[in-house]
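Convention: sequence-line order gives letters A, B, ...; per-chain numbering from 1.
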2 protein chains.
Amino acid sequence: MSKKTTIYDIAKALNITAATVSRALNNNPRISDDTKRMVLETAAELNYKPNRLAMALKSGKSKNVGVVLPYINRTFFSNVIHGIEEELNPMGYNVIICQTHEDEKKEADVIQNLLNAQVDGILISVSRETKNTEHFNQILKKNIPLIFYDRKINVKGASSVTLDDYQGAYEATKHLIDQGCKKIAHFTVDRSLEIYENRIQGYKQALKDGGIKFNMNHVVTIESDIEAGKEATKKLMELANPPDAIFSASDPCALGAIQHLKSINVRIPEDFCVVGFSNDPFTQFMELTISSVDQSPLLMGRTAAKVFLEQINEDDIKIEKQVVLTPSLKIRKSSMKLDSDL
Amino acid sequence: MSKKTTIYDIAKALNITAATVSRALNNNPRISDDTKRMVLETAAELNYKPNRLAMALKSGKSKNVGVVLPYINRTFFSNVIHGIEEELNPMGYNVIICQTHEDEKKEADVIQNLLNAQVDGILISVSRETKNTEHFNQILKKNIPLIFYDRKINVKGASSVTLDDYQGAYEATKHLIDQGCKKIAHFTVDRSLEIYENRIQGYKQALKDGGIKFNMNHVVTIESDIEAGKEATKKLMELANPPDAIFSASDPCALGAIQHLKSINVRIPEDFCVVGFSNDPFTQFMELTISSVDQSPLLMGRTAAKVFLEQINEDDIKIEKQVVLTPSLKIRKSSMKLDSDL
DNA sequence: TTGTATGCGTTATCAA
DNA sequence: TTGATAACGCATACAA
């Protein structure tokens with residue numbers, strides 16, 4: 001196993017000094033073309049590779065960014081990462097992924113860890129439980145760009161890239177009203193997160209604008225999984241006044257709803273319409289395709305990365321930037337009651 | 001923004017030397033309890049955080065590992081990553097994810113990049129196109145553990161954690177035979193990858209053992225997506241001698257097959273059985289759930305990480321380790337022709 | 001038990 | 001245009 005070659009090895013081979021080698025390698029103008037060429041040649045011969053750690057320690061820039069999220073193996077988040085990498089890799093950045101498992105303590109830990117690793121920036125989707133903002137202030141205090149994506153929390157000095165959840169929910173609900181639905185229920189997940197609160201507000205406003213009275217019994221807070229959706233739907237349908245549609249803030253819950261409705265022979269979309277949120281791939285795979293609000297995770301990732309790049313380039317002057325992406329409702333079979341939609 | 005505090009700041013505050021501080025911080029026995037306590041106290045007061053870059057440069061261990069894969073936003077791979085992190089994070093390692101987009105050149109690039117970043121190990125699932133092994137030898141030459149997971153390539157000195165694809169394919173095919181299927185077609189993706197070659201071999205052997213003659217026209221090489229599955233199935237069904245079952249080496253292709261079969265009113269599983277491979281979540285979401293071979297990506301990730309940890313701990317003596325995980329066939333509606341399976 | 005000195009691989013400042 | 005030297009933050013061999 002060959003010992004790694006350093007600029008000193010190159011210097012020795014050419015009887016020059018390491019400083020000169022460094023200059024040759026970095027396109028420093030203060031060097032003759034001749035020596036530059038020689039350095040480059042012997043660098044290739046000796047199979048020289050720069051040590052990023054040393055460069056990082058010296059420069060204070062690690063060329064690493066931290067990406068924090070609840071779980072990596074969720075369609076939405078893995079697509080966001082994909083988007084981030086698309087922007088950042090070409091610029092020479094590596095991405096360090098950290099999961100919080102929706103735990104505030106873990107979140108604070110991974111951030112501390114990233115800070116210790118001297119990352120140049122942190123892109124984060126906060127965990128559900130996060131109330132305290134101390135660990136975010138730690139980041140900003142070090143003058144490191146902090147960008148929230150999707151799930152944000154208000155911290156002065158941080159930027160954010162989010163979806164207009166209010167608008168998405170509004171459109172989804174309005175769509176259901178346009179289909180003739182009169183009693184639209186809503187599945188929400190965790191109202192302490194802005195995204196879910198915004199969705200419920202959009203839902204309410206659409207009801208109002210559509211002349212439909214808000215019914216508290218038709219709003220249910222559940223976990224984001226199929227089983228929870230099934231159970232909640234079961235309860236809803238046993239109500240004296242059951243709904244005739246569901247706008248679910250989560251795709252799995254929408255699927256659960258559909259599964260239960262089918263099991264009790266409710267016809268979809270004829271007698272009952274369902275719209276989900278996230279546009280998870282599986283919504284298109286079903287025989288009964290599921291309408292859903294697309295969050296454009298790829299674009300969100302790319303945008304968050306771009307905001308980071310902007311911030312890293314303006315020295316010192318830290319500009320907060322709040323980008324809001326526009327959702328797009330994907331209308332599919334689960335809510336296409338009227339022929340006009342076909 | 002406070003300037004970062006170093007061990008020198010602590011030393012100055014206590015009128016001792018940085019070396020002593022370092023010892024106190026590292027549980028070095030050669031230090032008095034008193035000074036140790038004092039150091040720890042002032043470290044906390046000054047909000048001292050170790051600089052991982054400096055530690056890494058000094059020790060030669062970055063505590064970062066590279067994870068290379070084709071695409072991060074694939075269910076299988078994002079679950080593998082999840083498994084890897086579960087093992088490695090508690091041990092103080094960060095994971096740097098790199099995507100190859102199935103491109104050999106890109107693969108070589110990201111590996112070079114990881115090497116420059118001084119990662120302590122590399123876990124990789126090779127790209128489809130990879131023929132050359134030069135970039136892998138680069139890793140081994142530096143005495144850095146190299147562990148293949150899922151998709152491997154034969155490189156002396158490297159370890160691997162793979163699935164017994166042969167066995168998985170064998171069981172899937174045998175299951176179809178047991179269901180009474182006589183003409184079982186096979187969708188394969190890219191036979192230059194070991195995994196797909198092994199699957200086709202398992203398929204062939206099962207046919208042989210089941211007394212069914214292998215029919216070359218019933219083996220189709222296609223892309224791993226729904227459309228390709230649809231088209232291929234269309235062609236198969238137009239054959240003079242169409243199959244009565246498909247064992248697909250890819251789940252999306254299996255779904256495509258089912259979609260096309262339904263469109264031409266073939267009854268599943270009564271008249272036609274389908275089994276996929278990967279056990280992607282969506283296979284369970286459908287009304288007609290799809291049988292599939294589970295690859296236990298989480299376990300694969302954890303195992304690969306464990307192999308890395310073993311290798312990093314034995315100094316110098318590099319032991320190649322080849323772990324093969326056992327697949328498990330998930331039998332669902334798409335292939336449950338016989339009541340006995342219910 | 002503590003201090004001194006040195007090196008990890010770079011780059012930047014200052015002289016020459 | 002090039003060289004000598006210091007510094008980034010930490011850890012260790014050696015000396016005291």
Side-chain angles (χ1 to χ4, degrees), chain A residues 2-40 42-43 46-64 92 113 115-120 142-143, chain B residues 2-40 42-43 46-64 92 113 115-120 142-143:
Chain A
S2 53
K3 226 40 255 133
K4 14 198 145 194
T5 82
T6 74
I7 53 173
Y8 279 92
D9 299 318
I10 302 177
K12 199 173 297 172
L14 290 171
N15 256 329
I16 56 178
T17 162
T20 310
V21 175
S22 174
R23 281 188 280 258
L25 259 21
N26 291 292
N27 287 338
N28 190 311
R30 314 179 61 179
I31 196 170
S32 77
D33 287 350
D34 262 10
T35 42
K36 185 169 179 175
R37 190 175 343 103
M38 307 223 45
V39 168
L40 260 29
T42 42
L46 299 182
N47 193 28
Y48 167 78
K49 307 293 177 203
N51 183 328
R52 287 185 51 168
L53 246 36
M55 297 175 62
L57 179 60
K58 180 66 184 156
S59 70
K61 264 79 192 68
S62 67
K63 282 286 187 171
N64 283 152
N113 183 25
L115 253 23
N116 296 352
Q118 315 296 123
V119 292
D120 296 340
K142 299 205 172 200
N143 219 23
Chain B
S2 51
K3 225 44 254 127
K4 13 196 144 195
T5 82
T6 74
I7 53 172
Y8 281 93
D9 299 320
I10 301 177
K12 199 173 297 171
L14 291 170
N15 257 330
I16 56 177
T17 163
T20 309
V21 175
S22 174
R23 281 188 278 260
L25 259 22
N26 291 293
N27 288 337
N28 189 312
R30 314 178 60 177
I31 195 169
S32 78
D33 287 349
D34 261 10
T35 42
K36 185 168 179 175
R37 192 176 341 103
M38 307 224 45
V39 168
L40 261 28
T42 41
L46 299 181
N47 193 29
Y48 167 78
K49 306 293 176 204
N51 183 330
R52 287 186 51 165
L53 286 178
M55 296 175 62
L57 180 60
K58 177 68 183 152
S59 69
K61 265 78 193 69
S62 68
K63 282 286 188 172
N64 284 152
N113 183 25
L115 253 23
N116 295 352
Q118 315 297 122
V119 291
D120 295 340
K142 299 205 174 199
N143 218 22

Does [N] have OP1 or OP2 under 4.0 Å away from a side-chain N or O of [X]?
X        : N       : result
Thr35(B) : dT2(C)  : yes
Thr20(A) : dG3(D)  : yes
Asn26(B) : dA11(D) : yes
Ser22(A) : dT11(C) : yes
Tyr8(B)  : dA7(D)  : no

What's the spacing between [X] [atom1] and [Y] [atom2] if we round to 0.5 Å?
X        : Y        : atom1 : atom2 : value
Lys36(B) : Asp34(B) : NZ    : CG    : 12.0 Å
Leu14(B) : Thr42(B) : CG    : OG1   : 4.0 Å
Leu46(B) : Ile7(B)  : CG    : CD1   : 13.0 Å

Can you measure [X] atom [atom1] to [N] atom [atom2] for me and round it to whole angstrom units?
X         : N       : atom1 : atom2 : answer
Arg30(B)  : dG3(C)  : CZ    : C1'   : 11 Å
Asn28(A)  : dT10(C) : CG    : P     : 16 Å
Ile31(A)  : dG3(D)  : CD1   : P     : 9 Å
Asn51(B)  : dG9(C)  : CG    : C1'   : 14 Å
Lys61(B)  : dA11(D) : NZ    : C1'   : 15 Å
Ile7(A)   : dA4(D)  : CD1   : P     : 14 Å
Leu25(B)  : dT2(C)  : CG    : C1'   : 16 Å
Gln118(B) : dG9(C)  : CD    : P     : 8 Å

Once you apply a heavy-atom cut-off of 4.0 Å, does [X] come out as touching a base, just sugar-phosphate, or nothing?
X        : result
Leu53(B) : nothing
Lys36(B) : nothing
Thr6(A)  : sugar-phosphate

(request) Considering non-hydrogen atoms only, spot the tightest contact between Ser62(A) and Ala56(A) and give its length. (result) CA-CB, 3.6 Å
(request) State whether the distance check finds a donor on one side and an acceptor on the other, under 3.5 Å, for side chain Arg23(A) versus base dG3(D). (result)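 Side chain to base: pair found, below 3.5 Å.
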(request) Kindly indicate whether the side chain of Lys58(A) and the base of dT10(C) share any N or O donor-acceptor pair separated by less than 3.5 Å? (result) no
(request) Between Ser32(A) and Ala18(B), name the one whose nearest nucleotide on DNA chain D is closer to the 5' end. (result) Ser32(A)
(request) Answer yes or no: is there a donor N or O on one side and an acceptor on the other, between the side chain of Asn26(A) and the main chain of Asn28(A), under 3.5 Å? (result) no
(message) Of the options dG9(C), dC14(C), dG3(C), whose atoms approach the side-chain atoms of Ile16(B) most closely?
(response) dG3(C)
